[in-house]
Amino acid sequence: MNTTPASTPRDPQPGNWPIAQQAHSTSQSASTDQRALVLAGAGAAGNAWELGLIAGLSDAGVDLTEADLVVGTSAGSTVAAQITGRTRPTELYAAILAEVPPAPSRGGGAHRRGGSNVSGANYLEWSDTIIATSENAYDMRRRMGAAALEREAANPSDPTRWRGIVASRLPHHDWPRQRILITAVDADTGEPVVFDRDSGVDLVDAVAASTSAMTPYRIGEHRYLNGGYRRSENADLAAGYGRVLVLSPFSGRTRMPLEWGMDLSSQVAELRAGGSRVETVFPDGRAGDVFGANALDPSTRLPAARGGYDQGLGLAEHLVELWT
């Protein structure tokens, strides 16, 4: 278990972020007794680790699916949709164990999106170049969107294909009664977006948008990119909730300059300054070295899930007082 140390917030932008038409404002008062679960992204490995961890905690008596708010980003948006239906965490974990493990991929793993091959290695090279040439977080999002749109124009993709892949991963396709926030970025404007059940966007489309990296995902007249470009874990969306638990597969690391305030430490400091009690959970060594450039590789799912499950069993005693 790791608890992110408090630090001085460095990003004055979040409170002034405009919300796109499809997004639902998250500024609302919430009871200090309410619990928020924040699920960050990290590809195939992150999805499996979070599901394993949640299953291990559930089997040990700590049910994270009872959260009053679930915030999902990228792979975490898939987890958010998976755990808020009728399928129990143990079933989701068992499904990963039953998968036929593929051979490890070269080049950091890959998944196919609209006919293009996206690997962890070329994604990092692509995004690192944009980050290095950006002046601030908004400039980075704008540049990410422009680069993704240019890439899409050179290699058009079929959005129905990605939607079908995302739909196949979700046990249900309707927004649950439970409050879920799914993050994305408008590729045309660089503006952050938050989808929920009142946004007029299907759950599958919201998850498809949040999980799109180098290729934008179209919903109506708008095109969207990965929710991690909004603000890493997006834990700030849990403001107003008394108890906040953040699952961060990349252990709170950031490739952005710290002065941008995109990092988890800044978000946790803001939450604590607002009166929230915050705990963060990072992967321990049981999952193996799968949270790097190879996080997109499907072959990482089995060790990540098993490591997460064992870690969840061990963390239950620590988290029971926070969560119950």
Side-chain angles (χ1 to χ4, degrees), residues 1-6 26 28-40 46-73 76-94 96 171-172 175-181 196-197 233-249 251-252 264 267-284 286-287 304-324:
M1 162 63 84
N2 292 273
T3 301
T4 305
T26 61
Q28 66 170 42
S29 59
S31 167
T32 56
D33 291 332
Q34 290 191 310
R35 299 165 294 181
L37 174 64
V38 178
L39 302 166
N47 172 271
W49 174 75
E50 289 179 350
L51 288 175
L53 184 83
I54 292 168
L57 285 167
S58 177
D59 284 353
V62 178
D63 189 357
L64 299 189
T65 70
E66 296 178 344
D68 300 288
L69 168 70
V70 181
V71 178
T73 295
S77 72
T78 306
V79 178
Q82 289 171 318
I83 67 170
T84 52
R86 292 182 292 274
T87 306
R88 295 299 303 157
T90 302
E91 298 175 72
L92 295 168
Y93 174 60
I96 298 176
H172 62 95
W175 288 95
R177 296 175 62 89
Q178 196 169 357
R179 189 166 187 239
I180 303 179
L181 302 179
D196 72 357
R197 63 173 172 258
E233 288 81 1
N234 292 301
D236 59 290
L237 293 175
Y241 286 76
R243 293 173 283 169
V244 181
L245 181 62
V246 183
L247 307 190
S248 177
S251 302
L264 177 59
Q267 297 168 53
V268 169
E270 292 164 18
L271 289 170
R272 288 178 176 158
S276 298
R277 180 179 174 186
V278 186
E279 294 277 2
T280 62
V281 178
F282 305 152
D284 62 17
R286 282 172 279 198
R306 285 175 170 166
Y309 182 83
D310 291 342
Q311 188 177 356
L313 291 176
L315 281 175
E317 184 176 356
H318 180 87
L319 291 177
V320 67
E321 193 270 332
L322 170 77
W323 202 253
T324 59

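In what follows, residues are counted from 1 in the order of the sequence shown. The shown structure was predicted, so the numbers you read here are calculated from the model rather than taken from an experiment.
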(request) Answer yes or no: are there more than 12 heavy-atom neighbours, outside Glu91 itself, under 6.0 Å from its atom CD? (result) yes

(request) Answer whether the closest heavy-atom distance between the side chains of Leu51 and Val79 falls below 4.5 Å. (result) yes

(message) Looking at Thr65, is its backbone amide N or carbonyl O close enough to the side chain of Gln178 to form a donor-acceptor pair, meaning the two atoms are under 3.5 Å apart?
(response) yes

(request) Would you confirm whether Glu317, through its side chain, and Ala60, through its main-chain N or O, come within 3.5 Å as a donor-acceptor pair? (result) no

(message) Is the shortest side-chain heavy-atom distance between Arg86 and Pro171 below 4.5 Å?
(response) no

(message) I'd like to check Leu319 versus Leu245 (side-chain heavy atoms, cut-off strictly below 4.5 Å). Are they in contact?
(response) yes

(message) Checking the side chain of Arg286 only, and the main-chain atoms of Gly308 only, is there a donor and an acceptor separated by less than 3.5 Å?
(response) no

(message) Whether the Glu233 and Ser248 side chains hold a donor-acceptor pair (N or O, under 3.5 Å, no angle test) is what I'd like checked.
(response) yes

(request) Grab the two heavy atoms, one from Ile96 and one from Ala305, that are nearest each other, plus how far apart they are. (result) CG2-CB, 3.7 Å

(request) Compare every heavy atom of Glu270 with every heavy atom of Asp236, then report the nearest pair and how far apart it is. (result) CB-OE1, 4.1 Å

(request) Specify the closest pair of heavy atoms between Gly312 and Leu53, including all atoms of both residues, with the distance to one decimal. (result) N-CD1, 3.5 Å

(request) Work out which heavy atom in Arg88 is nearest to a heavy atom in Ser58; give both atom names and the distance. (result) NH2-OG, 3.6 Å

(message) Please report the interatomic distance CZ(Phe282) to CD(Gln311), rounded to the nearest 0.5 Å.
(response) 10.5 Å

(message) If you define the side chain from C-beta out and look only at heavy atoms, does anything of Asn234 sit under 4.5 Å from Leu181?
(response) no

(message) Strictly distance-based, threshold 3.5 Å: is any side-chain N or O of Gln267 a donor or acceptor partner for the main-chain N or O of Ala235?
(response) yes

(request) Could you pull out the closest heavy-atom pair between Ser276 and Tyr241, with the gap in Å? (result) OG-O, 2.6 Å

(message) Quiz question: by atom type and distance under 3.5 Å, do the side chains of Asn47 and Thr78 form a donor-acceptor pair?
(response) no

(request) Indicate whether the side chain of Glu279 and that of Trp323 have a donor and an acceptor atom separated by less than 3.5 Å. (result) no

(message) To check you understand the geometry: which heavy-atom pair defines the closest contact between Ile180 and Ala80, and what is its length?
(response) CD1-O, 3.9 Å

